[in-house]
Each structure stands twice: as C-alpha cells, then as structure tokens.
Amino acid sequence: MRRYDKLIFVSNSDTAMGPMAEAILQSKYLLEELEITSKGVIVLFPEPINPKAEAVLVSNGLTMKEHMSDPLVKEDFNDRTLILAVNESVKKKVQKEVAPEDVSIRTLNEYVGEAQEVSNPYGGVLADYGQCFAELEALITKLVVQLNEEELMN
C-alpha cells in the first residue's frame with residue numbers, strides 16, 4: 001500500500017520554486033501514482049508562474065504556463081499528504097502560520113538527507129533561476145529514489 005496520495009511543494013508565493021519543483025517531479029517516474037502540486041504561504045490572489053522560472057522550465061523541456069499560485073491551507077494537512085517546504089524560511093513560516101501543531105514539516109533537502117538548501121532565485125537574473133532548477137532537480141532525483149524505495153518497503 002502506498003504511503004502518500006499527494007505531495008505538496010511549498011514555497012513563499014508559489015510562483016517560482018514550488019512550480020519548478022512540481023514540474024520536475026511530474027516529469028520523473030514514480031512506482032505509484034502520486035498527485036503532485038505546489039502551494040504558497042503568501043498567496044493573496046492567484047498569480048501565474050514567474051516568467052524567468054517558466055523560461056528555465058521550457059529550456060529543460062518542461063512547462064508550467066497554466067499554473068496559478070494557490071495558498072497552503074490547514075485542510076491540506078493529513079496523513080496521506082507529504083508536504084515539503086523548499087527551504088528553511090518557508091518551513092518556519094508554514095509551522096508558525098498554517099500547520100496544525102501536531103504536524104512536523106520538513107524541507108526537501110532534509111527529507112532526502114542533504115544539508116545544502118535550494119538557493120532562492122527571487123529577484124535574481126535568469127542564471128539564478130537556472131541554478132535553482134539544477135539544485136531542485138538534483139534533490140528531486142534523490143526524492144524519486146526515496147519515494148520509490150518507500151513504496152517497495154510497504
């Protein structure tokens with residue numbers, strides 16, 4: 001039996017790092033079907049993906065051009081949903097503002113056992129978004145292995 005039905009990548013505004021992570025994971029092979037999405041902790045109204053993030057995705061054969069930002073809400077938390085923050089500052093914000101008290105939140109890098117966080121490209125040049133994509137892809141490749149191994153163990 002699979003452990004999770006859904007995986008949510010959480011970023012600040014759900015317009016760059018989260019959607020990039022979502023697109024990368026959706027392009028990978030998982031042993032079990034998993035609903036993959038991204039949400040933000042600071043989403044006042046729906047916004048499209050950042051143009052630089054979309055440009056980097058397109059240059060890597062992916063797209064999120066239809067994506068609109070979506071806020072993370074308390075109802076997103078349950079035993080069948082894996083929620084991964086893109087970095088420590090987002091994790092703290094989720095714990096403080098959204099997550100139920102009894103829920104532990106982890107960052108993507110924590111979940112796969114890596115010390116290095118993904119660098120936030122916000123306000124940077126296109127190359128910064130490219131670097132963020134590369135870091136996300138490396139961590140998500142490890143995440144896929146881990147999720148598939150967890151499925152085999154259950």
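Note: hydrogens, waters and symmetry copies are ignored here, and every other heavy atom, side chains too, is used.
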Does some side-chain heavy atom of Leu147 sit less than 4.5 Å from a side-chain heavy atom of Leu7? yes
Connected via hydrophobic side-chain network under 4.5 Å: Met17 and Tyr122: no
Is there a side-chain contact between Leu143 and Leu84 (heavy atoms, below 4.5 Å)? yes
Hey, are the side chains of Ser119 and Gln131 touching, using non-hydrogen atoms and a 4.5 Å cut-off? yes
Given the rule in the side-chain contact (heavy atoms from CB on, under 4.5 Å) test, do Glu135 and Asn109 qualify, once you have shown the distances and angles that lead to the verdict? CA-CA 10 Å; Glu135 292 170 10; Asn109 60 296; over 6 Å; no
Could you report the tightest heavy-atom contact between Leu62 and Ser27, atom names first, then the distance? CD2-CB, 3.6 Å
Point-to-point distance, once rounded to the nearest 0.5 Å, from CG of Asp5 to CD of Glu33: 10.0 Å
Would the distance check show the side chain of Glu54 and the main-chain N or O of Met64 forming a donor-acceptor pair, the cut-off being under 3.5 Å? yes
Correct closest heavy-atom pair for Tyr4 and Thr81 would be CD2-C, 3.9 Å
Which residue pairs pass the salt bridge (charged side-chain N to carboxylate O under 4.0 Å, His left out) test with at least one member in residues 111-133, sequence neighbours excluded? Glu114-Lys142
Connected via hydrophobic side-chain network under 4.5 Å: Ile42 and Val90: yes
Out of curiosity, does Tyr111 fall in the hydrophobic cluster containing Leu25 (side-chain heavy atoms, cut-off under 4.5 Å, transitive links)? yes
With a 3.5 Å cut-off and no angle check, do the side chains of Lys6 and Asn78 form a donor-acceptor pair? no
Please name the pair of heavy atoms, one in Cys132 and one in Val118, separated by the smallest distance, quoted to 0.1 Å. SG-CG1, 3.7 Å
Thr107 to Glu88 - nearest heavy-atom pair and separation: CG2-N, 3.7 Å
Are the side chain of Arg80 and the backbone N or O of Arg3 linked by a donor-acceptor pair below 3.5 Å? yes
Which atom pair, heavy atoms only, marks the closest approach of His67 to Pro19? NE2-CG, 3.4 Å
Can you tell me if Lys96 has over 12 outside heavy atoms packed within less than 6.0 Å of its NZ? no
Test item: side-chain donor near acceptor, Tyr129 and Asn50, under 3.5 Å: yes
Sequence neighbours excluded, every pair satisfying side chain to side chain donor-acceptor pair (under 3.5 Å) that has a member inside residues 35-45: Asp14-Ser38, Glu22-Ser38, Lys39-Asp70, Lys39-Asp76
Is it the case that one hydrophobic cluster holds both Val145 and Ile24, taking links as side-chain heavy atoms less than 4.5 Å apart, direct or via other members? no
Kindly indicate, with the supporting measurements, whether the criterion side-chain contact (heavy atoms from CB on, under 4.5 Å) is fulfilled by Leu108 and Ile140. CA-CA 8 Å; Leu108 172 58; Ile140 290 169; 4.1 Å; yes
Beyond-backbone contact of Leu57 with Phe133, side-chain heavy atoms, under 4.5 angstrom: yes
In this structure, would Val43 and Phe77 fall into the same cluster of hydrophobic residues linked by side-chain contacts under 4.5 Å? no
Grab the two heavy atoms, one from Glu47 and one from Thr15, that are nearest each other, plus how far apart they are. CB-CG2, 3.9 Å
So do Ile36 and Leu30 actually touch side chain to side chain, heavy atoms under 4.5 Å? yes
Once rounded to the nearest 0.5 Å, what's the spacing between atom NZ of Lys28 and atom CG of Leu34? 15.0 Å
In a check of side-chain contact (heavy atoms from CB on, under 4.5 Å) between Asn12 and each of Val41, Asn87, Val86, which one passes? Val41
